[in-house]
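Below: the structure, in structure tokens.
When reading the values below, keep in mind they use all heavy atoms of this one structure, side chains included, and skip hydrogens, waters and symmetry mates. All chains are named by letter (A, B, ...) in the order of the sequence lines, taking the proteins before the strands, and each is independently numbered beginning at 1.
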Protein chains: 2
Amino acid sequence: MTAQTKPLITRRAAKIVRRRQLIDAAIESIAKRGLGDTTLAHVSTAAGLSQGIVNLHFASKENLLNETLNQLRAEYEQNWRAALEKSASDPASQLAALLRSDYQKTVADNKKLAVWFAFWGEAKSRPTYKKISQERVTDYREILKELLARLIEEGKYSPMDIAELAQGIIAMADGLWLNILISANGFKRSDAEKVMMQYLRQIFPKHKQAFL
Amino acid sequence: MTAQTKPLITRRAAKIVRRRQLIDAAIESIAKRGLGDTTLAHVSTAAGLSQGIVNLHFASKENLLNETLNQLRAEYEQNWRAALEKSASDPASQLAALLRSDYQKTVADNKKLAVWFAFWGEAKSRPTYKKISQERVTDYREILKELLARLIEEGKYSPMDIAELAQGIIAMADGLWLNILISANGFKRSDAEKVMMQYLRQIFPKHKQAFL
DNA sequence: ATGTACTGAATAACCATTCATTCATTTTTA
DNA sequence: TAAAAATGAATGAATGGTTATTCAGTACAT
């Protein structure tokens with residue numbers, strides 16, 4: 001080994017690594033203190049770096065927050081796409097996989113849920129937050145509608161309004177997130193999943209098996 | 001008329017009126033700017049009053065915000081109780097009335113929804129917000145469970161997990177609020193109501209009529 | 001050596017809260 | 001009843017604390 005080995009973490013870290021580190025620190029702080037009480041001092045301290053670091057890498061606080069939300073959105077999408085790929089290809093299994101993915105700890109842990117709601121809470125007054133929040137479910141909704149159509153055909157269920165059905169399912173999925181965040185009596189991710197699966201069994205009784 | 005007529009508004013009454021006026025101004029500002037950007041200057045100006053007025057009537061900003069959330073909670077509860085009283089007493093009608101009440105403009109207009117989500121967004125870090133948010137649905141949930149039990153008996157439906165069912169319904173109700181708040185393509189209160197009624201028709205097919 | 005990541009003190013803006021003062025109403029007194 | 005005193009509501013300028021942003025300087029990498 002020579003005198004200067006390449007250190008695993010250079011003191012001068014790669015730009016991308018730093019940005020990600022700061023986004024993580026932001027998530028941490030928003031979960032702990034809320035969006036309103038999160039200051040750049042909190043973020044930079046949590047990241048173990050200096051005061052001016054956020055402005056150096058993101059130019060402004062606003063920018064950091066936008067990118068934080070965007071990061072969350074990207075993770076969310078990746079997560080359900082991965083779940084679909086891992087699952088069997090019949091519509092019932094795909095549907096189960098898609099909806100179960102909403103309650104995996106990767107995306108639905110307490111911290112991240114708190115951050116989602118923090119941004120939704122400001123969505124009305126911040127167009128960027130609103131836009132990214134909409135984007136979170138645009139592809140999800142399309143895939144969901146396709147799966148519902150296939151499942152209804154396969155099971156020869158009586159015709160349903162698929163768009164409305166999809167809206168309802170997504171609404172329940174989000175509402176269960178709220179329940180995890182707010183609930184007093186320790187309503188957990190696994191409880192949310194149960195409720196959702198019960199719902200699917202009710203709509204698609206011929207496919208009960210897939211939703212157990 | 002003598003020189004000193006009895007004033008229409010007594011001082012004590014005025015105090016309550018003022019508090020209400022300031023809470024309304026707070027709702028206005030939170031809906032417009034978000035919770036984080038709402039300052040006491042915004043609130044007092046919107047109320048057409050002076051700088052120090054909020055501290056005079058509420059002692060602190062924190063207090064004003066707590067009372068604002070509490071006001072919202074009280075209105076919400078009043079609204080669904082009134083809806084139940086107005087409706088027929090059979091369980092299906094009651095259930096329909098309860099769930100429709102969530103989408104009346106009294107409680108689910110854009111401003112108030114924005115404020116609900118603003119508080120939920122901070123609920124994780126503010127125990128008071130969390131507590132009041134929980135309280136919003138405690139009675140609602142109990143009534144809902146009773147109605148579900150009665151309806152299942154009346155309709156001789158196969159047994160269901162009523163607690164889970166109620167959780168699911170409430171979750172969908174809240175999620176539809178989010179959809180109204182965030183949606184790009186003008187998802188309205190009436191659309192939310194449709195989705196919810198479709199859901200109820202699916203679970204309780206023998207009572208379709210009540211959910212049209 | 002030179003550029004680049006990073007630092008942290010300084011700055012300017014903002015904001016909740018305080019409080020001396022003004023204005024209005026009610027109560028007391030004669 | 002009328003004037004005076006007391007009480008209460010509201011004002012808005014001043015204060016002290018906080019915070020995003022800037023930038024001149026430091027230290028590391030190649």
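From B:Glu193, atom CD reaches atom CG of B:Asp102 across 10.0 Å, with rounding to the nearest 0.5 Å.
Here the P atom of nucleotide C:dA5 and the CD1 atom of A:Ile16 are 12 Å apart, to the nearest Å. At whole-Å resolution of the value, CG in B:Leu40 and C1' in D:dA10 are 15 Å apart. Computed from coordinates, the B:Leu49 CG to D:dA9 P distance equals 13 Å when rounded to whole Å. Atoms NZ (B:Lys61) and C1' (C:dC14) sit 11 Å apart, rounded to a whole Å. Taking atom CZ of B:Phe58 as the reference point, atom P of D:dA9 lies 14 Å away to the nearest angstrom. Distance CZ (B:Arg18) to P (D:dA9): 11 Å, rounded to an integer number of Å. Atom CG of B:Leu22 is separated from atom C1' of C:dA16 by 15 Å (rounded to the nearest Å).
In this model, a donor atom of one side chain and an acceptor atom of the other lie less than 3.5 Å apart for B:Gln71 and B:Glu75. Using modelled atom types, one finds a donor on one side chain and an acceptor on the other under 3.5 Å when comparing A:Arg18 with A:Gln21. With 3.5 Å as the limit, one finds no donor-acceptor pair spanning the side chains of A:Asp161 and B:Gln198. For the residue pair A:Ser93/A:Ser87, the side-chain donor-acceptor check at 3.5 Å is not satisfied.
Taking the side chain of B:Ser50 as heavy atoms from C-beta on, and the options C:dA16, D:dA20, D:dA10, the nearest nucleotide is D:dA10. Here D:dA20 is the nucleotide among C:dC6, C:dA16, D:dA20 with the atom lying nearest to any side-chain atom of A:Thr39. Closest to the side chain of A:Ser60, from the set D:dT21, D:dT19, C:dC6, is D:dT21. When distances run from any side-chain atom of B:Lys15 to the nucleotides C:dT7, D:dA9, C:dT17, the shortest one goes to D:dA9. Of the candidates D:dA10, C:dA16, C:dC6, the closest approach to any side-chain atom of A:Ile53 belongs to C:dC6.
Contact annotation: A:His42 side-chain N/O to D:dT19 OP1/OP2 distance is not under 4.0 Å.
In this structure, the side chains of A:Arg126 and A:Leu65 stay at 4.5 Å or more apart for every pair of heavy atoms.
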*Using a 4.0 Å heavy-atom cut-off, write out nucleotides 18-24 of chain C from 5' to 3' as B (base contacted by protein), S (sugar-phosphate only) or - (no contact).*
B-----B
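With salt bridges taken as basic N to acidic carboxylate O contacts below 4.0 Å, one links A:Glu77 and A:Arg73.
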